[in-house]
S.K.: 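Mind looking over this structure? Questions follow.
The structure displayed is predicted, hence computed values, not measured ones. Side chains included, hydrogens not; waters and symmetry mates left out as well; all remaining heavy atoms used.
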Amino acid sequence: MPGTVLLLAASPTGRSCLVDAASVLPVLAAVAPSVLSGTETANVVELADPLEPQAVLTRLRAAATAPGPLTVFLTGQLQLDRRQRLPHLALARTTAATVRYTGFPWHWIREELRLRAPGSTAVVVDLHTDAETWQHLAGRPLTVGPGALLYGRVAPPPPRRAVASPTYMKAVATILRSGHRPPLAHLHQQALTRSSGEDPEAASRDMVLAVDPTQPTQYAQPVHPAQPPMHPVPGFRPAPPPPVPVPVQVSLPASVPSDPHAEITAAVESGRHAEAAELAGRREREALSAHGPGADEVVHWMEVRADLAMFAGDAELSCRIWLAVADVRLTAGQEPGAPGVEAAVDRAHHQWGRIGESARARELGPALADLRLRVPGRRQGALDDVQRHLSRLQAQV
């Protein structure tokens, strides 16, 4: 089955730039698609210095819903938004004051990858941070979804007025240009070793990311790889010394009975959308019986059903479920600016715009407009967009 590769390099323009992210793309683009993906054939999507968060979301969502293995090579810098203190991937127009609106929220990556089969997704990152974000990540490690592998490094800010080089990702690309793709854990270790030759301080400075959900709890610490971590952070591990190979299992059977998400993903990939929806609906009913309305477990399976409706091409049903998810979250006391609330309303809005039957779209429009009044979201003009589209639909009556 063909693989999918997303090459994403993003950093702000001007004085806010901490890393020359786009400089790595020519090196990665010179690698054969099959080597980047580790499959016989692969589709490669390149996104260089994007301007809009929605453009990144569209590309990521398309890659996440494609069948077959997915590998994301992500280079850039992270910043916190001042209101919610959530990490964002800084885009071309991002400044410290506009991160919330011009950056790409990191939790959107987790949202888009959460339904993929365990072991089918790998994210390789080379990230730089400002001082505030670096301190934040020390106690709140990055994740990319329950079944995705994550390898790479996070570096603290470079010296003042300096722009760092993505030496880790360039090392990854250089190794892959040989035409051979070793197991990701080995590729990661080789890249750390190679990049440390260009940047000797990296081994004692950077936070190394090596997360494999199929392995026991792992750790990371910005100390020399040969030293034990002083304050372990669940979800990470320090890089081992170069001579020590790191065994890794990169995939699991898609039909592991104990994992309902894997069963659902397998059904979707086989085109059995009704079966996938029934599996998710059954889990939602079980969660409702066990935990009651509004519980996190119930909301999770509502969101899964909404995504499944989207995969099946039923935009109306997907919109209805996302509207219900937003209502449940707000009723439970979550703030209108909470990530889960914003994501639900944004996705309801997106699916509403894809409803082909005007009467159905008119029926759902007022409910979406009411929600947009409470949850304007990060995209400017979202409420105006709903009202304009609803006016056009009503004019067709």
S.K.: Considering the options L127, L6, V124, L47, which one meets the side chain to side chain contact (heavy atoms under 4.5 Å, CB included) requirement together with L74?
M.R.: L127
S.K.: Within a reach of under 6.0 Å around CZ of R360, are more than 12 heavy atoms found that belong to other residues, nucleotides or ligands?
M.R.: no
S.K.: So, taking the atom named CE in M302 and the one named CD in E297, what distance separates them when rounded to the nearest 0.5 Å?
M.R.: 13.5 Å
S.K.: Mark yes or no for whether H291, through its side chain, and S289, through its backbone, hold a donor-acceptor pair below 3.5 Å.
M.R.: no
S.K.: Salt bridge (Lys or Arg N to Asp or Glu O under 4.0 Å) for E342 and R83? Distances and angles first, verdict last.
M.R.: CA-CA 14 Å; E342 285 190 342; R83 180 177 175 184; 5.8 Å; no
S.K.: S37 and A42: which non-hydrogen atoms are nearest, and at how many Å?
M.R.: CB-CB, 3.4 Å
S.K.: With a 4.5 Å cut-off on side-chain heavy atoms, are H88 and F104 touching?
M.R.: no
S.K.: What closest approach, in Å, do V19 and S165 show between heavy atoms, and which atom pair accounts for it?
M.R.: CG2-C, 4.3 Å
S.K.: Start with the C-alpha distance between I355 and L364, add both sets of side-chain angles, then the distance that settles side chain to side chain contact (heavy atoms under 4.5 Å, CB included), and finish with yes or no.
M.R.: CA-CA 10 Å; I355 298 175; L364 293 174; 3.8 Å; yes
S.K.: Compute the centroid of each ring, for H389 and then for W352, and state whether the two points are separated by less than 6.0 Å.
M.R.: yes
S.K.: Quick one: do D212 and Y151 satisfy side chain to side chain contact (heavy atoms under 4.5 Å, CB included)? Show the steps, please.
M.R.: CA-CA 9 Å; D212 177 1; Y151 289 101; 4.2 Å; yes
S.K.: If we ignore angles and hydrogens, is there a donor and acceptor under 3.5 Å between the side chains of R85 and T133?
M.R.: no
S.K.: State the CD1-CG distance between I109 and L142, to the nearest 0.5 angstrom.
M.R.: 8.5 Å
S.K.: So among L330, T331, V325, which one has a side chain to side chain contact (heavy atoms under 4.5 Å, CB included) with D327?
M.R.: T331
S.K.: Could you give me the CA-CA distance, side-chain angles and deciding distance for E303 and R329, then say whether salt bridge (Lys or Arg N to Asp or Glu O under 4.0 Å) is met?
M.R.: CA-CA 11 Å; E303 293 177 337; R329 287 186 176 276; 2.9 Å; yes
S.K.: Take a 6.0 Å sphere around CD of E335 and say whether it holds more than 12 heavy atoms from other residues, nucleotides or ligands.
M.R.: no
S.K.: Any sub-3.5 Å donor-acceptor pair from S318's side-chain atoms to A306's backbone N or O?
M.R.: yes
S.K.: I'd like to know if the side chain of S195 and the backbone of A191 have a donor-acceptor N/O pair within less than 3.5 Å.
M.R.: yes
S.K.: Is there a donor-acceptor pair under 3.5 Å between the side chain of R305 and the backbone N or O of G281?
M.R.: no
S.K.: Can you tell me how far OG of S11 sits from CG of L78, rounded to the nearest 0.5 angstrom?
M.R.: 12.0 Å
S.K.: Work out which heavy atom in L383 is nearest to a heavy atom in A369; give both atom names and the distance.
M.R.: CD1-O, 3.7 Å
S.K.: Looking at R100, I want to see if its CZ is surrounded by more than 12 non-hydrogen atoms of other residues, nucleotides or ligands under 6.0 Å.
M.R.: yes
S.K.: Heavy-atom count around D370 CG within 6.0 Å, excluding the residue itself: above 12?
M.R.: yes
S.K.: Please check this pair: side chain of Q77 against backbone of L18, looking for a donor-acceptor N/O pair closer than 3.5 Å.
M.R.: yes
S.K.: Quick check: does any side chain N or O of T58 sit under 3.5 Å from a backbone N or O of Q54, one acting as donor and the other as acceptor?
M.R.: yes
S.K.: List the steps and the verdict of side chain to side chain contact (heavy atoms under 4.5 Å, CB included) for V125 and R153.
M.R.: CA-CA 6 Å; V125 302; R153 63 96 178 240; over 6 Å; no
S.K.: Quick one: closest heavy-atom pair of A173 and V31, and the distance?
M.R.: O-CG2, 3.7 Å
S.K.: Counting only N and O atoms by type, is there a donor-acceptor contact under 3.5 Å from the side chain of R61 to the main-chain atoms of T65?
M.R.: no
S.K.: Only one of D81, L80, V99 passes side chain to side chain contact (heavy atoms under 4.5 Å, CB included) with L86; say which it is.
M.R.: D81
S.K.: With distance as the sole criterion, is a donor-acceptor pair present between the side chains of D314 and H273 under 3.5 Å?
M.R.: no
S.K.: Could you walk me through whether E316 and R320 satisfy the salt bridge (Lys or Arg N to Asp or Glu O under 4.0 Å) test, starting with their C-alpha distance in whole Å, then the side-chain angles of each, then the deciding distance to 0.1 Å, before giving a yes or no?
M.R.: CA-CA 6 Å; E316 178 195 347; R320 287 183 185 277; 3.0 Å; yes
S.K.: Could you grab the distance from atom CH2 of W134 to atom CG of D206, nearest 0.5 Å is fine?
M.R.: 6.0 Å
S.K.: Could you tell me whether the side chain of R372 and the main chain of V375 form a donor-acceptor pair under 3.5 Å?
M.R.: yes
S.K.: Name the one of L150, V144, L113 that satisfies side chain to side chain contact (heavy atoms under 4.5 Å, CB included) with T121?
M.R.: L113
S.K.: For R116 versus A66, what's the shortest heavy-atom pair and its separation?
M.R.: NH1-O, 3.3 Å
S.K.: Might you work through the salt bridge (Lys or Arg N to Asp or Glu O under 4.0 Å) test for D126 and K170, ending with a clear yes or no?
M.R.: CA-CA 9 Å; D126 190 340; K170 286 184 176 179; over 6 Å; no
S.K.: Closer than 3.5 angstrom, by distance alone: can the side chain of T94 be matched with the main-chain N or O of L91 as a donor-acceptor pair?
M.R.: yes
S.K.: Using a 3.5 Å distance criterion without hydrogens, assess whether the side chain of Q84 forms a donor-acceptor pair with backbone atoms of G337.
M.R.: yes
